[in-house]
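Counting from 1, the numbers follow the sequence of the chain as shown.
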Amino acid sequence: MSKPDAPKKSTPSPSRTPVQKPEAPAASAQTPSGESAAEAAVLTLVNAERAVVGCRPVTADSGLAALAGRFSADMAERDFFAHTDPDGATPWDRAEKAGIAGLGGENIARGQADARAVMAAWMSSPGHRANILNCDYKTMGVGAHFAPGGPWWTQDFGF
C-alpha cells in the first residue's frame, strides 16, 4: 500500500491480469462543484476501456457510489490514504456495514485533477487495471472528493 504522504500514487486491490492499454476518451477537468460530473466521466472512461477488451460495461450502482464517496471524504477528512481505514476497516468491512453484498474490488487514488488523469494513473498500474478490466464485475460506484490536498478518488466494483 502507498504511504499517506504519496499524493500521486494509488493502491490496487488484487484482481485478474489485464491486457493492452487503449486510448481513453477525453474528459474535462473538474472543480469542487463538479464531483458528480467527474464521477460520471470515470464511469464512461471505465466502460471505454472495458469495451476494448471485450468486457460488458459496468453499470452505475448508487450504493457503491455512496460507499466510494464516503470513503474518499473520509480519507480527506482524516488525512490518510489506504484501503484499510485508521479504525482497521477494510473495503469489505465498510461494504458489509453499509448493507452491500458482493463487493469485488476497490481502487483508490489521490492527487489526480480530473477523471482522465485518474484513469491514466489507474490504467498504468497493474492491480488497478486488473480491477477495471475484470469482466466478472457488473456494477461500479465512484466517489470523488475535491478538497485541498486531493482530490481523493475511490472506485468500488461489484458482482
Side-chain angles (χ1 to χ4, degrees), residues 1-53 55 57-62 64-86 90-91 94-95 103-134 137 139-158:
M1 287 194 187
S2 297
K3 296 178 185 176
D5 59 349
K8 293 285 181 176
K9 296 192 178 185
S10 49
T11 305
S13 170
S15 192
R16 289 198 238 174
T17 304
V19 294
Q20 295 180 1
K21 180 180 179 185
E23 290 291 319
S28 61
Q30 303 301 318
T31 63
S33 62
E35 289 171 355
S36 293
E39 294 160 0
V42 168
L43 178 66
T44 298
L45 292 166
V46 163
N47 283 330
E49 297 285 356
R50 289 171 64 86
V52 170
V53 299
C55 291
V58 289
T59 58
D61 181 280
S62 62
L64 290 173
L67 181 68
R70 284 191 302 270
F71 191 59
S72 290
D74 188 34
M75 286 190 289
E77 291 163 11
R78 296 202 284 170
D79 193 29
F80 73 96
F81 181 73
H83 289 285
T84 301
D85 70 24
T90 68
R94 291 187 298 275
L103 179 67
E106 176 177 84
N107 287 345
I108 61 174
R110 180 180 177 186
Q112 295 80 10
D114 58 31
R116 185 180 191 84
V118 76
M119 280 297 296
W122 281 331
M123 292 304 290
S124 295
S125 163
H128 293 98
R129 180 183 176 93
N131 276 339
I132 291 166
L133 300 180
N134 184 334
Y137 295 155
T139 58
M140 186 184 76
V142 180
H145 183 81
F146 289 86
W152 289 261
W153 301 87
T154 303
Q155 281 180 316
D156 284 324
F157 295 92

message: Using the side chain to side chain contact (heavy atoms under 4.5 Å, CB included) criterion, which residues pair with R78? Sequence neighbours excluded.
response: D74, F80, D85, P86, D87
Nearest non-hydrogen partners of D61 and L64, listed with the distance: OD1-N, 2.7 Å
- request: Taking W122 for its side chain and I108 for its backbone only, find out whether a donor-acceptor pair lies under 3.5 Å.
  value: yes
query: Between F71 and W153, does the ring centroid distance fall short of 6.0 Å?
result: no
Contact summary for Y137 and G105, nearest pair of heavy atoms: OH-N, 3.5 Å
- request: Identify, with sequence neighbours excluded, every residue that meets side chain to side chain contact (heavy atoms under 4.5 Å, CB included) alongside N47.
  value: L43, R50, P57, V58
- request: Check for a donor-acceptor pair, side chain of S72 on one end and backbone N or O of H145 on the other, with a separation under 3.5 Å.
  value: no
- prompt: Sub-3.5 Å donor-acceptor pair from the side chain of N107 to the main-chain atoms of H128, do we have one?
  reply: yes
message: I need the T44 OG1 to M119 CE distance, nearest 0.5 Å.
response: 10.0 Å
message: How close do A68 and G143 get, counting heavy atoms only, and between which atoms?
response: CB-N, 3.4 Å
query: Are any side-chain N or O atoms of E49 and backbone N or O atoms of L133, one a donor and one an acceptor, separated by less than 3.5 Å?
result: no
query: Who are the side chain to side chain donor-acceptor pair (under 3.5 Å) partners of R94, not counting sequence neighbours?
result: E106
field: Nearest atoms (heavy-atom pairs only) where A121 meets Q112
entry: CB-NE2, 3.7 Å
- prompt: Is there side-chain contact between Q155 and V118, with at least one heavy-atom pair below 4.5 Å?
  reply: no
message: Using side chain to side chain contact (heavy atoms under 4.5 Å, CB included), reason through L45 and M123 one step at a time and then give a plain yes or no.
response: CA-CA 11 Å; L45 292 166; M123 292 304 290; over 6 Å; no
message: Taking side chain to side chain donor-acceptor pair (under 3.5 Å) as the definition, give me every residue that meets it alongside T90, ordered by chain and number, with sequence neighbours left out.
response: D93
- line: Contacts of A65 meeting side chain to side chain contact (heavy atoms under 4.5 Å, CB included) (sequence neighbours excluded), chain-then-number -> none
